[in-house]
**Q** 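Before I ask anything, let me first share the structure, which is written out below as structure tokens.
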There are 2 protein chains.
Amino acid sequence: MENILTQVGKKLRDRDYKLTPQREEILRVLIENQDKHLSAEEILGLVKEKAPEVGLATVYRTLEILYSMGLVHCMDFGDGRKRYEFELLDKKAHQHHHLICLKCGRIEEIEEDLLEELEREVYKSKGFTVTNHQLKIYGFCQECAPKKKEGEI
Amino acid sequence: MENILTQVGKKLRDRDYKLTPQREEILRVLIENQDKHLSAEEILGLVKEKAPEVGLATVYRTLEILYSMGLVHCMDFGDGRKRYEFELLDKKAHQHHHLICLKCGRIEEIEEDLLEELEREVYKSKGFTVTNHQLKIYGFCQECAPKKKEGEI
DNA sequence: GTAAGTGCAAATGGTTTGCATCGAA
DNA sequence: TTCGATGCAAACCATTTGCACTTAC
């Protein structure tokens, strides 16, 4: 973890970005919450626990940089805010997908990547070169499944 | 087409919604552009060609109703605005996916639904009941593919 | 020392809402 | 006639930006 932070710090400097205390805090929060899907505001909340003076704009600016370096993924579950997830340096091909419960809103991850076949097909039939994909699966989680009456979305 | 409009009108009245001229115009635009992915503002633009007095709020309110009735799909390609697509009444299981070009922004649709197997697996291993899914495939379209140097997103 | 980074507050832009008015049933 | 629907403008809210100040290098 301290290790990861050092690696990322080096990556930043390679790109002529400074490693400021604020960026370090934000990175720490992201690294400690790799399994969550934090919004910018949520990240700020966690950062402020240790560094109360940090501003929201800095969070956004840092996320922007990390995103452009491929160090965070950005996703949108339709609740009006973007959510961010730190991406380990060496897991280049790590493609995970999300199960989104329409009742309780819980988001679960699944690791399988069963889409390589589909990607090959898309390339063959459309000439489209795939660099990434995003699969969201909507439905009802185990707890909510029996009660799924109301919405017929 | 006139036919579809009548069907939808009936559906609306079944739910105690009125079929106003504004809603009719909005529906017409949606039906005539089923293959596009229009934003609310774009829909308004097309509606205004025939009914210049319609307001943006009405478009949003109508889309909200149609969405709640499952008559339009809503999607987000990450450009900060939601995009809407009319869904034919009888095509309940119509699952199409999107190829999004990172260079020119063009969005292509693919019809194949190769995810049924994955859905079954998700149910078995997680107890998650799938009602819908959304697959976005990012990459470079045929025209942009050779030039894909710069971003390494 | 200096350009990059920061915090704050103001601006932006898509979407929503309050309200007085209008009109479909 | 009546309550839902509309248009307008204001409100909202996540994100971005301008700017004077600070700081990592």
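Chain letters run A, B, ... following the sequence lines, proteins first and then strands; every chain starts at 1. Predicted, not measured: the structure shown is a model, and the values here were computed from it.
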**Q** Rounded off to whole Å, could you give me the CZ-to-P distance for the B/Arg83 and C/dG13 pair?
**A** 16 Å

**Q** Indicate, with a heavy-atom threshold strictly under 4.0 Å, whether A/Glu53 touches base, sugar-phosphate, or nothing.
**A**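 Touches sugar-phosphate only.
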
**Q** Verify the distance criterion only: is there a donor paired with an acceptor across the side chains of A/His37 and A/Glu109 at less than 3.5 Å?
**A** yes

**Q** Just the rounded figure in Å: distance from C1' of C/dG23 to OH of B/Tyr17.
**A**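 So the OH-C1' distance, B/Tyr17 to C/dG23, works out to 19 Å.
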
**Q** Distance check needed: C/dG14 P versus B/Met75 CE, whole Å only.
**A** 18 Å

**Q** Between B/Thr20 and D/dT6, is there a contact of a side-chain N or O with OP1 or OP2 at under 4.0 Å?
**A**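 It does, given that an N or O in the side chain of B/Thr20 lies less than 4.0 Å from OP1 or OP2 of D/dT6.
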
**Q** Are A/Glu42 and A/Arg83 within salt-bridge range, i.e. N to O under 4.0 Å?
**A**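 Between A/Arg83 and A/Glu42 there is a salt bridge, with a charged N closer than 4.0 Å to a carboxylate O.
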
**Q** Nearest whole angstrom, please: distance from the C1' of C/dC8 to the CG of A/Leu44.
**A** 13 Å

**Q** Just how far is it from atom NZ of A/Lys124 to atom CZ of A/Arg120, taken to the nearest 0.5 Å?
**A** 8.0 Å

**Q** State which of D/dA24, C/dA24, D/dT6 makes the closest approach to the side chain of B/Pro21.
**A** C/dA24

**Q** Which comes earlier along DNA chain D counting from the 5' end, the contact point of A/Gln22 or that of A/Ala40, where each point is its nearest nucleotide?
**A**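 By nearest-heavy-atom nucleotide position, the 5'-most residue is A/Ala40.
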
**Q** Grab the CG-P distance between B/Leu38 and C/dT15 for me, whole Å please.
**A**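 My rounded result for the distance is 13 Å.
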
**Q** Output the rounded distance in Å from OH (A/Tyr67) to C1' (D/dT15).
**A**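 Rounding to the nearest Å, OH of A/Tyr67 and C1' of D/dT15 are 15 Å apart.
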
**Q** Pick the nucleotide of DNA chain C nearest each of B/Leu19 and B/Asp79; which residue has the one closer to the 5' end?
**A**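 It is B/Asp79, whose closest nucleotide lies nearer the 5' terminus.
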
**Q** Base, sugar-phosphate, or nothing: which does B/Leu56 touch, judged by heavy atoms less than 4.0 Å apart?
**A**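 Base contact.
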
**Q** More than 12 non-hydrogen atoms from neighbouring residues, nucleotides or ligands closer than 6.0 Å to OH on A/Tyr138, yes or no?
**A**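 Result for OH/A/Tyr138: enclosed.
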
**Q** What contact category does B/Pro52 fall into here, base, sugar-phosphate, or nothing, at under 4.0 angstrom with non-hydrogen atoms?
**A**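 Nothing, no nucleic acid heavy atom in range.
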
**Q** For the pair A/His133 and A/His97, name the ring-plane relationship: parallel under 30°, tilted 30 to 60°, perpendicular over 60°.
**A** tilted

**Q** Counting only side-chain nitrogens and oxygens, does B/Tyr60 get under 4.0 Å of the OP1 or OP2 atom of C/dT16?
**A**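 For B/Tyr60, the contact criterion (side-chain N or O under 4.0 Å from OP1 or OP2 of C/dT16) is not met.
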
**Q** Measure CD/B/Glu41 against P/C/dT15 and give the value in whole Å, please.
**A** 8 Å

**Q** Round to a whole Å and report the spacing from CD of A/Glu25 to P of C/dG5.
**A**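 Whole-Å distance recorded here is 18 Å.
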
**Q** Taking the side chain of B/Lys18 as heavy atoms from C-beta outward, which of D/dC3, C/dG7, D/dA24 is closest to it?
**A** D/dC3

**Q** Is any N or O donor-acceptor pair between the side chain of A/Arg61 and the base of C/dG7 shorter than 3.5 Å?
**A** yes

**Q** Of the nucleotides D/dC25, C/dT15, C/dA25, which one has an atom closest to the side chain of B/Arg81?
**A** C/dT15

